[in-house]
Structures are given as structure tokens and as C-alpha cells.
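Side chains are part of it too, since the values below use all heavy atoms of this structure and drop only hydrogens, waters and symmetry mates. Each ligand, and each atom within it, is numbered from 1 in the order the structure gives.
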Amino acid sequence: MPPRTRSAWFRTLGLLVVILTAAVVVGLLTGQLFPVLTATALGIVAWHYWRLRKVLTRLTARQRLSPSNSNGVWDELDRLLYRGQAEMRGRKRRLMEMLRAYRAAAAALPDAIVVVERNSQRIQWFNESGSRLLGLRYPDDIGASLVQRLQPLPLAHWMAAGRNAEALETMSPLNPAITLSLRLIPYSENLWLLVARDVSRLLQLEQMRRDFVANVSHELRTPLTVIHGYLDMLDPEEQPDWQPMLSEMQRQSQRMTQLVEDLLTLSRLESQDHLPGEEVVSMSSMLNTLRREALALSQGRHQIEVDDAIDIDLYGSSKELHSAFSNLVSNAVRYTPAGGRIEIALRADDHGGAVLQVTDSGYGIPASHLPRITERFYRVSTSRSRESGGTGLGLAIVKHVLNLHEATLDIASEVGRGSTFACHFHPSRVRRRDIAGGRQQASA
Ligand code: ADP
């Protein structure tokens with residue numbers, strides 16, 4: 001007990017003793033000891049009840065207490081209650097200020113934020129951008145079903161994925177010119193946060209970048225063809241001193257031509273959402289072509305094995321698949337020193353899909369480079385890539401082609417031991433060949 005409270009307690013006890021003693025004296029003097037003592041005790045009890053009632057009324061009326069200046073035990077209780085109440089009020093005020101600041105920050109965000117109740121998917125709160133981007137109206141839409149309210153957007157299926165829902169790009173229900181990127185963030189047991197961001201400007205910039213690269217590459221094509229043509233026409237026999245310069249110029253112009261071709265291929269792939277012409281791609285002739293290309297590139301420096309005992313074909317674009325696979329084969333040849341082994345194989349996987357795998361016993365790729373290896377112009381060693389005639393775009397093309405075929409690329413590599421690039425195709429892309437009858441059937 002703090003000293004102040006203890007002294008108030010003892011003072012009240014002391015007062016009680018004094019009053020009772022006075023009552024005994026008065027009782028003895030008047031000869032009415034028992035009645036006087038009883039009346040005094042009842043008075044004391046009544047007074048305590050009265051104070052207790054006062055405290056209760058003030059507490060239940062949620063009145064602001066004021067500290068008492070007296071120093072009895074009831075006044076001490078008043079003082080302690082006043083202190084507790086003041087502390088509580090201060091804490092509440094600070095919390096309210098914080099809450100107001102958070103709400104103001106969330107309201108001022110340029111992204112639309114909607115708090116949604118998880119099970120019922122009803123709207124609990126949204127900020128101003130929620131009205132601007134999603135067309136939500138306050139207060140009518142509080143408590144409304146989010147999926148119904150944003151009806152034209154395909155949200156029902158997406159929200160069912162919950163925690164695993166990937167960012168969804170879709171048009172704004174208010175203005176089809178605005179593209180929104182929607183993300184679902186579960187932030188408590190019962191509440192989800194729907195964040196919608198206007199990505200129209202980003203998409204526009206991305207489109208401008210693509211157009212720029214495509215236009216520049218296209219414009220470079222003609223002058224390069226001309227330069228290349230004239231270089232081919234020059235006869236080094238006439239000017240033997242020019243021989244080293246001419247062959248270097250030819251090499252460089254060839255590299256530039258390849259770079260431009262790769263950039264155009266990438267732009268074309270990037271501008272496609274789906275493959276234009278899909279067909280059954282005969283994989284035995286594809287593997288034969290790849291074998292021929294590998295042998296031509298290797299010039300007998302490597303042992304090349306192609307496992308073509310297969311009864312699988314793929315469904316997709318023959319031209320794009322060939323461009324992806326030949327990039328992998330060309331990389332395997334270019335990044336494997338002479339005497340190495342390269343294996344190209346196509347096999348069925350355990351889930352009805354298929355895997356095309358290019359394995360080499362070459363330089364390998366350090367694990368730290370693997371996450372970025374398919375980025376444009378990303379190279380492990382720039383000098384090695386240039387020496388081998390690389391443009392830095394090969395794997396970016398592979399990735400794009402596989403994306404268009406809903407396929408994935410797996411890379412396993414060990415420095416000094418070699419690499420395996422595996423393209424995994426979904427069962428829907430696989431056609432099993434009835435070898436005897438030459439008929440095709442989907443494997444799925
Ligand atoms: P590049 O035209 O430079 O070969 P790619 O996009 O095809 O560009 O490959 C990117 C980089 O990945 C290459 O520069 C090389 O460092 C590395 N790489 C690709 N394939 C292999 C491989 N089979 N073995 C070792 N490194 C490889």
C-alpha cells in the first residue's frame with residue numbers, strides 16, 4: 001500500500017476510535033451507554049453507505065470525477081479512481097489520435113483499399129480511392145457483397161483462391177481505359193484487404209518500350225543487310241592487307257544481325273497473349289533438326305546424343321518451339337569445351353506431361369546467377385558469351401516461348417560439371433503417337 005493510502009486508512013481508523021470513545025464517554029455520562037453507542041455505530045455505518053453510494057453513482061453515471069482534497073479513506077478512493085480515469089482517458093485519446101492518423105493515411109493512399117469480411121466477403125470499409133477506382137459508394141456499399149458490387153470483374157473465382165490468389169490484372173468497372181492490378185492480402189483471422197492499383201500508366205510505358213525496341217530493330221535490319229551484303233562482295237584477295245579487318249567486320253555485322261533478329265523475335269513474342277497458329281509438332285523431326293544443328297555448330301568437337309525413341313508429340317507453334325529448343329542446344333554447344341558431351345532427350349513425366357531436356361557437361365552456371373539467368377542481356381561471363389557469338393537474349397526467348405505454351409523451364413547446374421535445361425509441358429500440350437497407325441491422341 002502506498003504511504004499516502006496507508007496514512008488515510010489509519011486516519012479513518014483513528015477517527016472511528018475517537019468517535020466510538022466519545023460515544024462511550026457521552027453514554028457513561030448520560031447513563032445511556034448502549035443506546036448512544038448503537039446510535040453512533042449506526043450513524044457511522046450510514047455515513048459509509050452514503051459515501052459508497054456516492055462513488056457508485058458517479059461511476060455508473062460515467063461522470064468525470066474530481067480529486068478530493070480531504071484525506072479520509074473514501075477521499076483516497078476517489079483520488080485513486082480519478083487518477084485511473086485520467087490515465088485511461090489519456091490512453092484512449094492517444095489511441096484515437098493514432099487510429100485517426102492511420103485512417104487518414106489509408107484514405108489518402110492513391111491505391112484503392114477495401115477491408116472485406118473473409119467468410120461473407122462483405123465490404124467493411126474502403127478509402128476514397130475505392131470510390132474513384134472501383135466505383136464504391138459510401139455508406140450504401142458498407143455491408144454489401146464485394147463480388148456482387150464489382151459485378152463485371154471476375155472476382156468470385158479469384159477470391160476463392162484466398163491466400164494463394166495471384167495479382168489479377170483487370171479493367172476498372174468505372175472506366176475501361178483504366179487497368180487495375182488487384183491483390184488480396186489476408187491480414188487477420190476474419191479480414192482481408194483488397195488493394196487495387198491503377199497500372200495503366202505502367203502498361204502504357206511498357207508498351208512504348210516494346211514498340212521502341214521493335215521499331216529500332218526493324219529500322220536497323222535494312223542498313224545491316226546492305227552492309228553485310230557489301231562486305232560479302234569484297235574480295236580479300238585483291239587487298240590481302242585488309243583480310244583480318246574484313247573478317248572482323250563480317251563477324252561483327254553477323255553478330256549485329258543476330259542481335260536484331262533476336263530483338264525482333266522477343267518483341268513479337270512479348271506482344272502475343274497466345275500463339276497464333278497451333279498445330280501438332282512432330283517431335284521426331286524436331287529432334288532430328290536439333291541434332292543436325294548441334295552437329296553443325298559443334299563441328300565434331302563434342303559427343304552429341306539425341307534420344308529420339310519417343311512416341312510423344314507436342315501441341316503448339318512449331319516455329320517458336322524450334323526457336324526455343326535450338327537456343328538451348330546452341331547454348332549447350334557454345335558453353336561446353338571441346339571433348340564434352342551433349343544430350344537432347346524428350347520423355348514423358350509422371351503426371352502425363354512431357355519434358356524436353358538438354359544436358360551438357362560444360363562450364364556450368366554458379367547457383368547465384370540462376371535466378372536472373374533468363375533476363376534479357378544477363379550473362380554469367382560477358383566475354384565468354386561474346387566470344388561464342390551470344391546475344392544475351394537466347395534464354396529470354398526460351399522463357400517467353402515456354403510461357404506461351406504454359407510450360408516451365410527448370411535449370412540445374414554445377415560449375416565445372418555441366419547444366420541441364422528442362423522444359424516441362426503440361427499434359428494438355430502432349431499428344432501420344434500411335435506409332436503403328438500414325439494416329440494422334442491427347443494424353444490428358
Ligand atoms: P547468350 O547469348 O549470352 O548465350 P543466353 O540468354 O542464351 O545468352 O544465356 C544467358 C547466359 O547464361 C549466357 O551468357 C551464359 O553465361 C549462361 N548459359 C546459358 N546456357 C548455358 C549452358 N548450357 N552452360 C553454361 N552457361 C550457360
Notebook entry, point to check: Can you find a side-chain donor-acceptor pair between His405 and Tyr315 that sits under 3.5 Å?
Noted result: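 No.
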Margin query: Could you check whether Asp262 and Thr391, counting side-chain N and O atoms only, form a donor-acceptor pair closer than 3.5 Å?
Written below: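 Present: a donor and an acceptor within the cut-off.
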Give the numbers and elements of all ligand 1 atoms closer than 4.0 Å to a heavy atom of [X].
X      : value
Thr391 : 2 (O)
Gly392 : 1 (P), 2 (O), 3 (O), 6 (O), 8 (O)
Gly394 : 5 (P), 6 (O), 7 (O)
Tyr378 : 10 (C), 11 (C)
Arg334 : 1 (P), 2 (O), 4 (O)
Arg379 : 3 (O), 14 (O)

Check: Looking only at N/O atoms, are Ala396 and ligand 1 under 3.5 Å apart anywhere?
Finding: no
Note to self: If we ignore hydrogens and angles and just use 3.5 Å, is the side chain of Ser7 paired with the main-chain N or O of Arg4 as donor and acceptor?
What the structure shows: yes
Note to self: Whether the side chain of Asp349 engages the backbone of Gly352 through a donor-acceptor N/O pair (distance < 3.5 Å, no angle test) should be reported.
What the structure shows: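 Yes; at least one donor-acceptor contact below 3.5 Å.
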Check: Glu305: what forms a salt bridge (charged side-chain N to carboxylate O under 4.0 Å, His left out) with it, not counting sequence neighbours?
Finding: Arg341
